[in-house]
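Just so we're clear, the structure is a prediction, and the values are computed from it rather than from any experiment.
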Amino acid sequence: MESKHLHKAMVIGTNVCRFLLAGTFLFSGFVKANDPLGTVYKVQDYLEAWGLFSLSTGVVPYLFALAMGVLEFLIGIYLFFGIRRRVAPLLTLLFMSFMTPLTLWLAIDNPISDCGCFGDAVVLTNWETFFKNIVLLAAAIVVFKHNDCLFKLVTRKVDWLISLYSAVFIIFFSLFCLQYLPIFDFRPYHIGANIPQSMEIPEGEKPTTYETIFTYEKNGEKKDFTIENFPSDTTWTFVSSQTVVKEKGYEPPIHDFAITSMEDGTDLTEEILNDSSYTFLLIAPWLHIADDSGMDLINEIYDYSIEHGYRFLCLTASTEEDIAAWQENTGAEYPFALMDEITLKTIVRSNPGLVLLKKGTVLQKWSVSNLPDEYQLKAPLDELPFGHLNKKTTIHKLLEVFIWFIAPLLVLTVGDLIWLKIRNRRQKKEQEASN
């Protein structure tokens with residue numbers, strides 16, 4: 001009797017660990033697939049922390065980022081449905097055995113601010129991530145050791161179909177979000193966000209003080225400048241810019257949004273955020289590797305903005321040489337301004353990407369692959385859907401994901417359970433008839 005209760009407790013405990021791991025891996029894999037370019041940036045951070053600079057600039061980060069999202073998501077599917085009951089626990093244990101020591105190193109040395117395991121959806125400190133992985137590693141050991149206690153939610157007839165459908169879905173979902181933009185935007189610059197409000201400091205809180213450092217070069221000598229001592233000598237050549245923390249304090253969701261004119265170094269931030277008209281911001285962190293396939297559409301949008309009296313500005317962290325090369329190659333006539341590279345990568349996951357602002361509110365975002373054309377921009381913005389806040393909420397997006405992924409899985413699972421019930425009933429009748 002005691003052995004029976006012990007076995008029951010073991011089955012329950014093992015499956016609780018199994019569903020804990022399944023939920024974590026499904027969520028982690030999905031948010032990586034939802035924002036593959038953000039995962040690429042995090043992989044690049046890891047490679048640079050390990051000194052592998054040659055790998056961080058090639059195709060390796062993209063392949064690794066896509067593979068991570070797909071692998072984690074499929075492990076989650078296997079664990080949830082009880083598919084591949086030997087392979088899935090083994091993969092989970094190997095994965096957690098690698099990630100736990102890695103996050104311990106991150107927590108101790110702190111080469112990267114956060115591990116990026118849940119992307120921007122849930123940001124954990126390195127120590128929080130390590131303790132989370134300790135729990136998951138313990139759960140993985142339990143599931144691996146007692147994999148015979150895992151019960152299946154589907155029969156073998158459809159488990160291969162669920163595996164195949166899940167793999168196809170998450171691969172195409174990742175590629176779609178990479179080509180266009182993340183379906184779910186967890187960053188502070190999402191559509192509908194008001195940038196000035198997100199920069200506000202609550203009363204009584206001391207703000208973090210930042211400073212933008214501009215590196216210029218002259219006669220082979222590099223020198224750093226700030227807004228206060230910006231060089232008036234035009235013979236200096238811009239090299240790079242970065243925003244650094246001068247004094248730590250309360251950090252609002254947006255704390256590093258600063259636009260500096262390329263021409264004279266003036267701060268354009270307040271002017272743009274307070275503009276009651278529309279502003280197009282072309283976001284291009286690095287012009288030397290920017291996708292120029294949409295250059296004609298970009299130039300058309302600039303002409304459209306001039307025609308209707310809208311501001312158009314290209315924000316970049318590129319050097320003057322790269323800006324000049326971009327202008328020569330694309331025929332760009334729009335003005336340029338400087339912004340911190342990390343901020344640019346956070347605003348929109350595309351190089352280049354386009355953002356539409358009005359009174360500091362993000363109304364629309366486009367990747368280089370879905371820029372509006374002349375047939376869509378056929379009237380002033382206040383007469384077009386683009387010129388108004390998109391009413392599509394997170395609930396609508398969740399429903400779309402439900403329709404495209406979860407609903408078919410539910411149909412397969414319920415259909416399989418119905419067939420299993422019918423088959424058992426038929427077998428029971430045949431057995432009764434034979435008796």
Side-chain angles (χ1 to χ4, degrees), residues 188-189 195-196 198-199 210-217 224-232 234 236-244 254-290 292 294-295 298-299 301-306 309-348 350-366 368 371:
Y189 298 96
I195 297 176
S198 300
M199 295 171 67
Y210 295 89
E211 187 174 53
T212 302
I213 307 297
F214 303 95
T215 303
Y216 278 76
E217 184 176 7
D224 292 337
F225 298 91
T226 64
I227 293 293
E228 287 74 18
N229 66 341
F230 203 81
S232 57
T234 57
W236 284 94
T237 303
F238 174 77
V239 177
S240 63
S241 66
Q242 61 175 331
T243 301
V244 297
I254 297 177
H255 50 266
D256 49 7
F257 188 90
I259 303 173
T260 306
S261 172
M262 188 72 189
E263 295 180 1
D264 53 13
T266 57
D267 189 349
L268 303 175
T269 309
E270 294 297 326
E271 181 182 343
I272 289 175
L273 293 182
N274 294 327
D275 194 344
S276 59
S277 184
Y278 296 96
T279 299
F280 284 102
L281 296 178
L282 181 65
I283 308 296
W286 318 279
L287 288 170
H288 68 286
I289 58 172
D292 59 3
M295 67 176 72
I298 293 172
N299 291 334
I301 296 170
Y302 172 64
D303 294 337
Y304 168 83
S305 66
I306 293 298
Y310 308 136
R311 183 194 293 267
F312 189 106
L313 194 62
C314 179
L315 304 184
T316 184
S318 303
T319 64
E320 289 183 359
E321 289 82 0
D322 290 337
I323 293 174
W326 176 265
Q327 290 173 318
E328 182 178 353
N329 295 333
T330 66
E333 298 179 354
Y334 37 81
F336 289 79
L338 303 176
M339 179 175 271
D340 181 69
E341 172 188 320
I342 295 177
T343 306
L344 293 171
K345 292 192 297 184
T346 305
I347 293 174
V348 62
S350 182
N351 183 33
L354 189 65
V355 176
L356 180 63
L357 293 182
K358 186 176 184 180
K359 295 181 180 178
T361 298
V362 180
L363 296 183
Q364 188 58 268
K365 297 165 76 170
W366 297 272
V368 70
L371 294 168

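Thr316 contributes a side-chain N or O that, together with a main-chain N or O of Ala284, makes up a donor-acceptor pair within less than 3.5 Å.
Partners of Asp322 by side-chain hydrogen bond (donor to acceptor under 3.5 Å, both in side chains), not counting sequence neighbours, listed by chain and number: Thr319. Applying the side-chain contact (heavy atoms from CB on, under 4.5 Å) criterion to Thr269, with sequence neighbours excluded, gives Phe257, Ala258, Ile259, Asp267, Leu273. Taking the side-chain contact (heavy atoms from CB on, under 4.5 Å) definition, one finds that Thr226 meets it with Glu211, Ile213, Glu228, Asn229, sequence neighbours left out. Every residue two or more places apart in sequence or in another chain was checked for a side-chain hydrogen bond (donor to acceptor under 3.5 Å, both in side chains) with Thr260, and none qualifies. Judged as a side-chain contact (heavy atoms from CB on, under 4.5 Å), and not counting sequence neighbours, the contacts of Ser261 are Glu263, Asp264, Thr266, Leu268. Take Asp303 and apply the side-chain contact (heavy atoms from CB on, under 4.5 Å) test, not counting sequence neighbours, and it matches no residue. Considering only residues two or more places apart in sequence or on other chains, Asp224 meets the side-chain hydrogen bond (donor to acceptor under 3.5 Å, both in side chains) condition with Thr215. By the side-chain hydrogen bond (donor to acceptor under 3.5 Å, both in side chains) test, Glu320 pairs with no residue at all, sequence neighbours left out. Listed by chain and residue number, nothing satisfies the salt bridge (charged side-chain N to carboxylate O under 4.0 Å, His left out) test with Glu217 (two or more places apart in sequence, or in another chain).
The salt bridge (charged side-chain N to carboxylate O under 4.0 Å, His left out) contacts involving residues 336-345 comprise Glu341-Lys345, where partners must be two or more places apart or lie in separate chains.
Counting non-hydrogen atoms of neighbouring residues, nucleotides and ligands closer than 6.0 angstrom, the CD1 atom of Ile342 reaches no more than 12 such neighbours.
Counting heavy atoms from C-beta on, the side chains of Leu354 and Phe280 come closer than 4.5 Å. Inter-residue side-chain proximity for Leu313 and Thr279 is flagged as unmet; no heavy-atom pair is nearer than 4.5 Å.
In this structure, Tyr278 and Tyr310 have perpendicular ring planes: the angle between them is above 60°, well past the 30° mark.
Atom CD1 of residue Ile298 and atom SG of residue Cys314 lie 8.0 Å apart, to the nearest 0.5 angstrom.
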Going by atom type alone, with no hydrogens or angles, which donor-acceptor pairs under 3.5 Å involve a side-chain atom of residues 329-338 and a protein atom two or more places apart or on another chain?
| residue | atom | partner | partner atom | Å |
| --- | --- | --- | --- | --- |
| Asn329 | ND2 | Ala325 | O | 3.1 |
| Thr330 | OG1 | Trp326 | O | 2.6 |
| Thr330 | OG1 | Ala332 | N | 3.4 |
| Tyr334 | OH | Trp326 | NE1 | 2.9 |

